[in-house]
Colleague: 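Questions regarding the structure given below will be posed in turn.
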Number of protein chains: 2
Amino acid sequence: MTTISTRPIETAAHDRLYRYLRQQIMVGELLPGQALTLRGLAKQHGVSMTPVREALRRLVAEGALTLTASGRVSTPELSNERIEELAALRALIEPELSARALPRAHFALIDRLSAINTANAEAVAKHDAVSYIRTNLDFHRTLYLRAQSPAILAVAETVWLQLGPTMRALYGRVQRNEPPRHHRMILAALRAGDEPALRLAVRADVTNGLRHLAQRGW
Amino acid sequence: MTTISTRPIETAAHDRLYRYLRQQIMVGELLPGQALTLRGLAKQHGVSMTPVREALRRLVAEGALTLTASGRVSTPELSNERIEELAALRALIEPELSARALPRAHFALIDRLSAINTANAEAVAKHDAVSYIRTNLDFHRTLYLRAQSPAILAVAETVWLQLGPTMRALYGRVQRNEPPRHHRMILAALRAGDEPALRLAVRADVTNGLRHLAQRGW
DNA sequence: CGCGTGTGAATGTGATCACAAATCCTGCCA
DNA sequence: TGGCAGGATTTGTGATCACATTCACACGCG
């Protein structure tokens, strides 16, 4: 008589830590070059070094963190060339995701996207960098989820992860007074069912945000 | 007897294991659905479970291995939809890499590509699946390295990794009597400096190999 | 005053152990 | 004969420890 211990709810410690750090990095709560130590994170989260090591190893594998020659991990400080590459990847992948989502994008989805866009505008008004990045990514993810292409979306999210700390550092340098104007173009193309216009709007939105970045000194 | 106490230059055990398994998976030495255990790999490589765990966690993060609900790891058995997605990613990314490599593709590179293609033909003649996959990937990687775009290349290699076991399983099912004919088209486009033709040839080469796969039952 | 240097603290790596869940296998019962 | 219940084994998870290397900071020499 084994008691049905429905235990699969609670996830492993290394997995919780992974998710926590991943979210933190993606939305820009960590600045570039920030160092993370095994014992520090372990103490901070009340676990031993073992699950911390696994979580960090996973994040390093995804490019969310970089590894120094001596094994120290820190958030990445991206070079100009690296930023250009990641922008090119976004410009390559995200129009494809949007095109795949287009046939399945109904009114309810467009409404949700509009709502996210409103939240994004509020983040701009409050000069809240983290909220801005989060709502911006939510806008894209919500659209792309309709593409029903998890493998492609996973690649896109990996790119976002790598850009997280850098986007946060960028936020303070550009003068923002409105949400991305391309988001409105994306919504218009979705309503019109116009795939070429949608691809163009997504590509413009993705490359525009990162263009300032590469122009600066860095 | 000789207690070699200090070994500073050597790479870490978990890193060696990671590289070893990654190579094995990418060239198709492991079939889909193959289970890997911590203690098994540890004993097999003369290390403890700790470095094995880190290597596996890293490979899982890259999609090279899948994780069951109970934490077991095994090589992935890809669904049809997943294969289609990965093929689409290759078709999206690799033409871009080839176009970036084109301006830097000189005679020496084309010669090396031809040599790799010859080795590929030998693998076909010997019905050696692993050699076939390895030389095929070498052909692409050698070309893409010239693109000087490590981040984009890394994404491409991640896709190859995910397809490794499946490509091996596929190899036995298709009748191969010649190396990919598109490789010759790629070489011709490189010699002619024709970027549109190069993009088309790469795209055709990439999608052609995986088209059979999706058509079969799987 | 500047800079290399040495010592102590901090850090990553790997091994080992305890524990619980999952899996496998055997044998029993319908 | 078929399926299922039981226990033994396997397996992943997390904690703790020892050790070598790396880093940081302050001291001392030029």
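The shown structure was predicted, so the numbers you read here are calculated from the model rather than taken from an experiment. Every chain is numbered from 1, with letters handed out A, B, ... down the list of sequences.
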Colleague: Could you state the atom-to-atom distance from CG of A:Leu38 to C1' of D:dT22 in whole Å?
Modeller: 14 Å

Colleague: Taking only residues two or more places apart in sequence or in another chain, which ones pass side-chain contact (heavy atoms from CB on, under 4.5 Å) with B:Val60?
Modeller: B:Leu65, B:Leu67, B:Val73

Colleague: Taking atom P of C:dG14 as reference, at what distance in whole Å does atom OH of B:Tyr18 sit?
Modeller: 16 Å

Colleague: For residues 108-118 of chain B, run the donor-acceptor check on the side chains, cut-off 3.5 Å, and write out each pair with its distance to 0.1 Å, sequence neighbours left out.
Modeller:
residue, atom, partner, partner atom, Å
B:Ser114, OG, B:Ile110, O, 3.1
B:Asn117, OD1, B:His183, ND1, 3.0
B:Thr118, OG1, B:Ser114, O, 3.1

Colleague: Map B:Thr50 and B:Gly40 onto DNA chain D by nearest heavy atom, then report which one ends up closer to the 5' terminus.
Modeller: B:Gly40

Colleague: For B:Gln23, give me all partners under side-chain contact (heavy atoms from CB on, under 4.5 Å), at least two apart in sequence or on another chain.
Modeller: B:Val27, B:Arg134

Colleague: Return yes if some donor-acceptor pair links the side-chain N/O of A:Thr135 with the main-chain N/O of A:Ala119 below 3.5 Å, else return no.
Modeller: no

Colleague: With heavy atoms under 4.0 Å as the rule, sort A:Leu41 into base, sugar-phosphate or nothing.
Modeller: nothing

Colleague: Applying side chain to side chain donor-acceptor pair (under 3.5 Å) as the test, list every pair that has at least one member in residues 30-52 of chain A; sequence neighbours left out.
Modeller: none

Colleague: Determine all donor-acceptor pairs shorter than 3.5 Å in which one atom belongs to a side chain in residues 137-152 of chain A; sequence neighbours excluded.
Modeller:
residue, atom, partner, partner atom, Å
A:Asp138, OD1, A:Arg141, NH2, 3.4
A:His140, ND1, A:Glu94, OE1, 3.3
A:His140, ND1, A:Tyr144, OH, 2.8
A:His140, NE2, A:Asp205, OD2, 2.7
A:Arg141, NH1, A:Glu157, OE1, 3.2
A:Arg141, NH1, A:Glu157, OE2, 3.1
A:Thr142, OG1, A:Asp138, O, 2.7
A:Tyr144, OH, A:Glu94, OE1, 2.5
A:Ser149, OG, A:Arg100, NH1, 3.1
A:Ser149, OG, A:Ala147, O, 3.0

Colleague: Can you measure A:Arg39 atom CZ to C:dT11 atom P for me and round it to whole angstrom units?
Modeller: 7 Å

Colleague: With the threshold set at under 4.0 Å for non-hydrogen atoms, list the residues of residues 69-77 of chain A touching DNA chain C in residue-number order.
Modeller: A:Ser70, A:Gly71, A:Arg72

Colleague: With B:Pro76, which residues qualify under side-chain contact (heavy atoms from CB on, under 4.5 Å), at least two apart?
Modeller: B:Thr66, B:Leu78, B:Pro165

Colleague: How would you list, by chain and number, every residue that makes a side-chain contact (heavy atoms from CB on, under 4.5 Å) with B:Ala99, sequence neighbours excluded?
Modeller: B:Glu195, B:Arg199

Colleague: Of the candidate nucleotides D:dG14, C:dG12, C:dA15, which contains the atom at the shortest distance from the side chain of B:Ser48?
Modeller: C:dA15

Colleague: Do any of residues 51-58 of chain B sit with a heavy atom less than 4.0 Å from DNA chain D, and if so which?
Modeller: B:Arg53, B:Arg57

Colleague: Starting at the 5' end of DNA chain C and moving along, which residue's nearest nucleotide shows up first, B:Thr68 or A:Met49?
Modeller: A:Met49

Colleague: Choose from C:dA15, D:dT13, C:dT13 the nucleotide whose nearest atom is closest to any side-chain atom of B:His14.
Modeller: C:dT13

Colleague: I'd like to know if B:Glu54 pairs up with A:Arg53 as an ion pair, taking the criterion as any Lys NZ or Arg NE/NH1/NH2 lying under 4.0 Å from an Asp or Glu carboxylate oxygen.
Modeller: yes

